[in-house]
Amino acid sequence: MAVTEEPGKPRNWQERLQILQDRLYDRLFHNFVWRSIFRSGYPNTPRSQMLVVATNVFLHLHPTRIHRTHVKITHTYCLGGLTFFMFIVLTVTGVLLMFYYVPSTETAYQDIAALHTNVKFGLLMRNLHRWTAHAMVILVFLHMMRVFYTGAYKPPREFNWVVGVTLLFLTLFLSFTGYLLPWDQLAIWAITVGHGIAGSAPYLGDEGQFVLFGGFEIGQPALIRFYTLHVLALPLLAAIMMAVHFWRIRRDGGMARPL
Amino acid sequence: MAVETERPAAPPERPVAAARPRPKREREEELLVWPDLVFVEFISAVLFTLTFMLLSVFINAPLLNRANTDITPNPSKAPWYFLNLQELLLHMDKAWAGVILPIMFLGFLAVIPYLDRSSEKQGVWFGTKYSARIALVAALYAIVVTWGLVLFDDGERSKFEYATRWIPSCDMNAESGQPEAHQFPPCLVDTAAGHQGIVRASVDLQGPPQGRFMFSVGSLDWPADVDHIPWPFNDNKVGCWSFKNIHGWCGEHFNLAGTFAQQIFPLSTIAFLTVLIIYILFRIGWVRTTRDVMIVMFTGALSAYLTLTIVMSFFRGPGQDLILPTDIKVDCGTLPSPPGCP
Ligand code: HEM
């Protein structure tokens, strides 16, 4: 749509608008700063649009083309994508929270309380982290229901469903380990319930409890374990599983469709 | 972009083929990811960002007082997505409610695609005939049944336990020989000292129960000893092995009463009610394939999960008693204090 031919006199307001639009497009996407970053203008032909998806490191998670039924909002309600988006938001806000949080029973509570009072946007970051964490748990369940009721787990996608189940577990476990970190009454007593549940496992209860909580009650060993799991081990594992999940969607021939 | 092309004129020697519309080619049904999909993703990401920004500006994450192991909140509750397990704990053996059933649930989810191998009608919402109504019925059924069971099993001591009242529970008060009123249903494994080997001690503890049918087998008195039947070999080398923290049955006793109240009754009830709904739906012809059975079980399990979560979240007060949501007190431990607090 780059304006190349000599513009005649505009005959009506649509044409005027078109001219304005083209000028704007040129200004925005054909200037030398834009070109220095993206090497080409805004992709406005099918060819360049497919290229941009295939060559961009973030967009190439997608195929270049997709069946029209899958673009309909009502097919996926974007649930898987939004779960992933929540994961990204949680990573960003979580990193910011880590700047202020020391996983020690002495200081943890003060650190969180300081987020409320002393740290600029600290409370906002904490709130965002908290609410998106809840949202992720809800979304992952809804996503699973979407996949189930559209029968999208059937061959050849069986294994990706299993990968999904591990992601469901990881999401719950991530949220659970994060719950202890504020070290307030809510945290410690909620985790105490979980502690009791873990201890009730037949035969391996005591051992399991000890491995997970570092002792038979909830103290510093439990806090450091939960912290490490929460900020390092589980997110890493979840990210790996998500990579496998997305890879398998592509390998299994895109999303499920009636045969 | 999908472009409708005109159907080529049918060759005259094949008139039959011309009568049918030519099926669309794959390519024509496809859209470009950029812009069609990327646009949708972008908009939904923006909407979510805005929503959560607003939410976070107006609603603060809870922060109560500093953790204090001396002050136990009543009730203390797990994170909301585990409240269903906590609710289950009130109704059956801890190991089942907290560990075995959840693992079975995840395991069931994982094997669904290996049980239901049919592939017709995939990728469409409620693709097969009746699947929508099966899901609806299963959801309603699970909600009603779960609520029913929760109400039935409510009270000081669970109803399942009442059903086993004819055999004494193992929570005996040492002085009176009566079950301790506050104590939660009997334990599966009787760990009381003095119960090693073939039991005799119970006679001193309890005295003969009044008005019950009594007899003895070997050195066991029935029904007084029903809650601590020794396992075979529990007092010799064969049963009494141990490796690190893992023990064989060393001095352990089988609690018939506890097993009934805590395991056999609750679990068989769940199993029976599941089979019942599948059977009914099968008889009226709605459930016909493995896929349909999966829909019933998946929907039922999720609905029960949700119902239990709701019960524990909104209907359990101090002492985990059932109360109405309106009777749940405002928690005054939060920072800043909610309205209605000193
Ligand atoms: C952290 C958790 C998860 C993330 C980030 C995630 C992400 C995604 C995304 C982005 C898609 C593309 C389609 C869509 O948006 O619906 C997808 C598809 C899929 N997901 Fe997930 N997912 C997660 C958890 C799960 C769970 C718990 C299950 C099942 C138990 C599951 C099973 C599947 C399957 C089978 C597909 C293919 C669907 C189709 O072919 O239509 N995923 N997932």
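Values reported hereafter were calculated over all heavy atoms of this structure, with side chains retained and with hydrogens, waters and symmetry mates removed. First the proteins, then the strands, lettered A, B, ... as listed; each starts at 1.
- Interface remark: of the candidates B:G127, B:A45, B:G98, B:A45 forms the most heavy-atom pairs closer than 4.5 Å to chain A.
- Proximity of A:V193 to B:L85: side-chain heavy atoms (C-beta onward) are nowhere separated by under 4.5 Å.
- Heavy atoms of A:Y77 lying under 4.5 Å from chain B belong exclusively to its side chain.
- Contact tally against chain B (heavy-atom pairs below 4.5 Å) for A:R130, A:R126, A:H70: the top residue is A:R126.
- Residues B:T49 and A:V89 have side chains not in contact (no heavy-atom distance under 4.5 Å, counting atoms from C-beta outward).
- Both the backbone and the side chain of B:T299 come within contact range of chain A, each with at least one heavy atom under 4.5 Å from a heavy atom of that chain.
- For B:I59, the parts lying near chain A are the backbone and the side chain together; criterion is any non-hydrogen pair under 4.5 Å.
- Contact annotation: the side chain of B:L63 approaches that of A:Y109 to within less than 4.5 Å [non-hydrogen atoms, C-beta and beyond].
- Contacts with chain B were tallied for A:P155, A:G196, A:G164; A:P155 has the most, counting heavy-atom pairs under 4.5 Å.
- For A:L139, the part lying under 4.5 angstrom from a heavy atom of chain B is the side chain only.
- The closest donor-acceptor contact from the side chain of A:Y149 to the backbone of B:S131 lies at 3.5 Å or more, if one exists at all.
- Using a 4.5 Å cut-off between heavy atoms, A:H129 does not touch chain B at all.
- The backbone N or O of B:L109 lies less than 3.5 Å from a partner atom in the side chain of A:W161, making a donor-acceptor pair.
- Between A:F141 and B:Y305, the ring centre distance stays below 6.0 Å.
- Counting only distance, with no hydrogens or angles, the side chain of B:W34 and the backbone of A:L59 share no donor-acceptor pair below 3.5 Å.
- In this structure the side chain of B:T69 never reaches within 4.5 angstrom of the side chain of A:E217, judged on heavy atoms.
- For A:M50, the part sitting under 4.5 Å from any heavy atom of chain B is the side chain, from C-beta outward, and nothing else.
- Screening B:L31, B:V33, B:L32 for a side chain to side chain contact (heavy atoms under 4.5 Å, CB included) involving A:R65 leaves a single residue, B:L32.
- A:D184 and B:L64 get closest at one heavy-atom pair: OD2-N, 2.8 Å.
- The shortest non-hydrogen separation linking A:L186 to B:P62 is CD2-CG, 3.9 Å.
- In terms of heavy-atom pairs under 4.5 angstrom with chain A, the leader among B:E120, B:K94, B:K121 is B:K94.
- Of the residues considered (B:V124, B:V57, B:I295, B:V99), B:V124 shows the highest number of contacts with chain A, using heavy-atom pairs under 4.5 Å.
- In this structure, B:Q122 CD and A:M255 CE are separated by 12.0 Å, a value rounded to the nearest 0.5 Å.
- Contacts with chain A were tallied for B:S119, B:P102, B:P73, B:S44; B:P73 has the most, counting heavy-atom pairs under 4.5 Å.
- Contacts between A:I197 and chain B at a heavy-atom distance below 4.5 Å involve backbone atoms as well as side-chain atoms.
- Looking at B:T128, there are no atoms closer than 4.5 Å to chain A (heavy atoms on both sides), in backbone or side chain.
- When A:T69, A:T105, A:V163 are compared by the number of non-hydrogen pairs under 4.5 Å with chain B, A:T105 comes out ahead.
- A:F85 has its side chain out of reach of B:E41: every pair of non-hydrogen atoms, C-beta onward, lies at least 4.5 Å apart.
- For the pair B:R291 and A:F148, the cation sits on the ring face: its NZ or CZ lies under 6.0 Å from the ring centre, inside 45° of the axis.
- In this structure, chain B has a heavy atom under 4.5 Å from the side chain of A:L123, while its backbone stays farther away.
- Looking at heavy atoms from C-beta onward, A:T132 lies out of side-chain contact with B:F48 at the 4.5 angstrom threshold.
- Both the backbone and the side chain of A:M145 have a heavy atom closer than 4.5 Å to some heavy atom of chain B.
- The 12-atom threshold is exceeded at OH of B:Y114, counting heavy atoms of other residues, nucleotides or ligands nearer than 6.0 Å.
- When the candidates A:I112, A:V162, A:T64, A:V53 are compared by the number of heavy-atom contacts under 4.5 Å with chain B, A:T64 comes out ahead.
- Ranked by non-hydrogen atom pairs under 4.5 Å with chain A, the options B:F82, B:W80, B:W96 are led by B:W80.
- For the pair A:K154/B:D116, a side-chain contact is recorded, criterion being any heavy-atom separation below 4.5 Å from C-beta on.
- Contacts of B:F126 with chain A are made by both backbone and side-chain atoms, with heavy-atom separations under 4.5 Å.
- In this structure, the portions of B:S118 lying under 4.5 Å from any heavy atom of chain A include both its backbone and its side chain.
- For a residue to count as touching a neighbouring chain, one of its non-hydrogen atoms must lie under 4.5 Å from one of that chain's; by this rule A:F176 touches chain B with backbone and side chain alike.
- For A:R146, the parts lying under 4.5 angstrom from a heavy atom of chain B are both the backbone and the side chain.
- Using a 4.5 Å cut-off between heavy atoms, B:A135 contacts chain A through its side chain alone, with no backbone atom that close.
- Between chain A and the options B:I71, B:V38, B:L37, heavy-atom pairs under 4.5 Å are most frequent for B:I71.
- In plain terms, the two heavy atoms of A:I188 and B:A67 that are nearest each other are CG2-CB, 3.6 Å.
- Looking at A:M144 and B:F298, their side chains come closer than 4.5 Å, going by heavy atoms from C-beta outward.
- Of the listed residues (A:I88, A:I73, A:L124), the greatest number of heavy-atom pairs within a distance under 4.5 Å of chain B belongs to A:L124.
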